[in-house]
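Before any comments, here is the structure.
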Amino acid sequence: MWISVLTAVAEQVVNRLITLEPVLKQDLRDAEHRVLAITLTDLKLSCAFHYNGEHCFVYGNYQDSADCHITTSLDTVSELKDPSQLTRLIRANKLDLEGDIHLAQAYSKAFSNLKIDWAEHLSRYLGDAGAQQLVNSLGQSKAHAQKHCETFEQIFTQLCQDELNVTVHPLELEQFKSQTRALSQQLTALEQRFNALTD
């Protein structure tokens, strides 16, 4: 039930963006009449996007064949905005891609190039000055919220690492890795010496 609602909302949002920003329609030309399927492993959700040149259709619980099928987690989806990151994510085993990588890059490029002038669209309802004021206020609020989140994250990390000793400090982790590598090299050398003695 919730998947149907989610895909319906996603379809409405994408089609509204296509209406608001004609550039998106041009950028999606390479994706016309082709199906991009995405499976989010952590949510056990599979959906597909099909752009017909005018509208984008979003299908939930998609199990049919697709021109490109991406299997990944929800955390990685935000990184898909940059088309150049696809190969890095594949190499890092954060993403599995079957089919035409160019289709995935076309969608990624189209949405990463999307620059919506909200002030222009809101000016029809609020006037030019009111729309610009609202957009500026929202931008400042977002910047303040982001700054507070970063500060909170830093404080929480320090609390867990230094005070509560719940997590490992990055320097301790690097030291452990280097000691493990050194131990592994010593064991390999010892094994080679042992093999040389027993032969």
For the atom pair [atom1] ([X]) and [atom2] ([Y]), what is the distance rounded to the nearest 0.5 Å?
| X | Y | atom1 | atom2 | result |
| --- | --- | --- | --- | --- |
| T198 | R193 | OG1 | CZ | 13.5 Å |
| N93 | T76 | CG | OG1 | 11.0 Å |
| L134 | S123 | CG | OG | 11.5 Å |
| L6 | C47 | CG | SG | 8.0 Å |

Would you mind reporting whether [Y] and [X] have side-chain heavy atoms less than 4.5 Å apart?
| X | Y | answer |
| --- | --- | --- |
| I70 | T39 | no |
| F111 | L80 | no |
| L190 | T188 | no |
| F49 | V35 | no |
| I3 | L45 | yes |
| D96 | I90 | no |
| C56 | I18 | yes |

List, one per line, each side-chain donor-acceptor pair under 3.5 Å for residues 20-27, sequence neighbours excluded.
unit_1 : atom_1 : unit_2 : atom_2 : d
E21    : OE2    : H121   : NE2    : 3.3
K25    : NZ     : E54    : OE1    : 3.3

Results of side chain to side chain donor-acceptor pair (under 3.5 Å) for [X] - residues two or more places apart only:
| X | value |
| --- | --- |
| K109 | none |
| Q192 | none |
| Q132 | N136 |
| T71 | none |

Considering non-hydrogen atoms only, spot the tightest contact between A31 and Y107 and give its length.
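In this case the closest contact between A31 and Y107 is CB-CE1, 3.6 Å.
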For the student: nearest non-hydrogen atoms of A66 and A37, plus distance
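Of all heavy-atom pairs spanning A66 and A37, the closest is CB-CB, 3.7 Å.
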With sequence neighbours left out, write down each residue that passes side chain to side chain contact (heavy atoms under 4.5 Å, CB included) with F57, or none if nothing qualifies.
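In terms of side chain to side chain contact (heavy atoms under 4.5 Å, CB included), with neighbours along the sequence ignored, F57 is linked to E11, H50, N52, H55, Y59.
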What residues form a side chain to side chain contact (heavy atoms under 4.5 Å, CB included) with S108, not counting sequence neighbours?
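Listed in chain order: P83.
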For a quick test of your reading: what N or O donor-acceptor pairs under 3.5 Å do the side chains of residues 97-104 make, sequence neighbours left out?
unit_1 : atom_1 : unit_2 : atom_2 : d
D100   : OD1    : H102   : N      : 3.0
D100   : OD2    : R34    : NH2    : 2.1
H102   : ND1    : Q105   : OE1    : 3.4

Could you tell me whether Q12 atom CD has more than 12 heavy atoms of other residues or ligands within 6.0 Å of it?
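Incorrect, the count does not exceed 12.
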Donor-acceptor pair, distance only, cut-off 3.5 Å: does the side chain of T7 make one with the backbone of V58?
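Not at all, since once roles are kept as given, no pair shorter than 3.5 Å links the two residues.
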Would you check if the side chain of T72 reaches a backbone N or O of K94 as a donor-acceptor pair within less than 3.5 Å?
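Yes, T72 side chain to K94 backbone: donor-acceptor pair under 3.5 Å.
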Mind listing the side-chain donor-acceptor pairs of residues 139-156 below 3.5 Å, one per line with the distance, residues two or more places apart or on another chain?
unit_1 : atom_1 : unit_2 : atom_2 : d
S141   : OG     : S137   : O      : 2.9
T151   : OG1    : K147   : O      : 2.9

For R88, which residues count as a salt bridge (charged side-chain N to carboxylate O under 4.0 Å, His left out) partner, sequence neighbours excluded?
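Expected list: E79.
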Who passes salt bridge (charged side-chain N to carboxylate O under 4.0 Å, His left out) against E191, sequence neighbours left out?
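Scan of E191 (salt bridge (charged side-chain N to carboxylate O under 4.0 Å, His left out), adjacent residues dropped) gives none.
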Can you name the one residue among T19, V13, N15 that meets side-chain contact (heavy atoms from CB on, under 4.5 Å) with L17?
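The option that passes is V13.
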Cluster check Y62, V9: I/L/V/M/F/W/Y, side chain < 4.5 angstrom
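They do not share one cluster, since no chain of ILVMFWY contacts under 4.5 Å joins Y62 to V9.
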Going by the salt bridge (charged side-chain N to carboxylate O under 4.0 Å, His left out) test, which pairs reach into residues 167-181, not counting sequence neighbours?
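Listed once each, the pairs are E174-K177.
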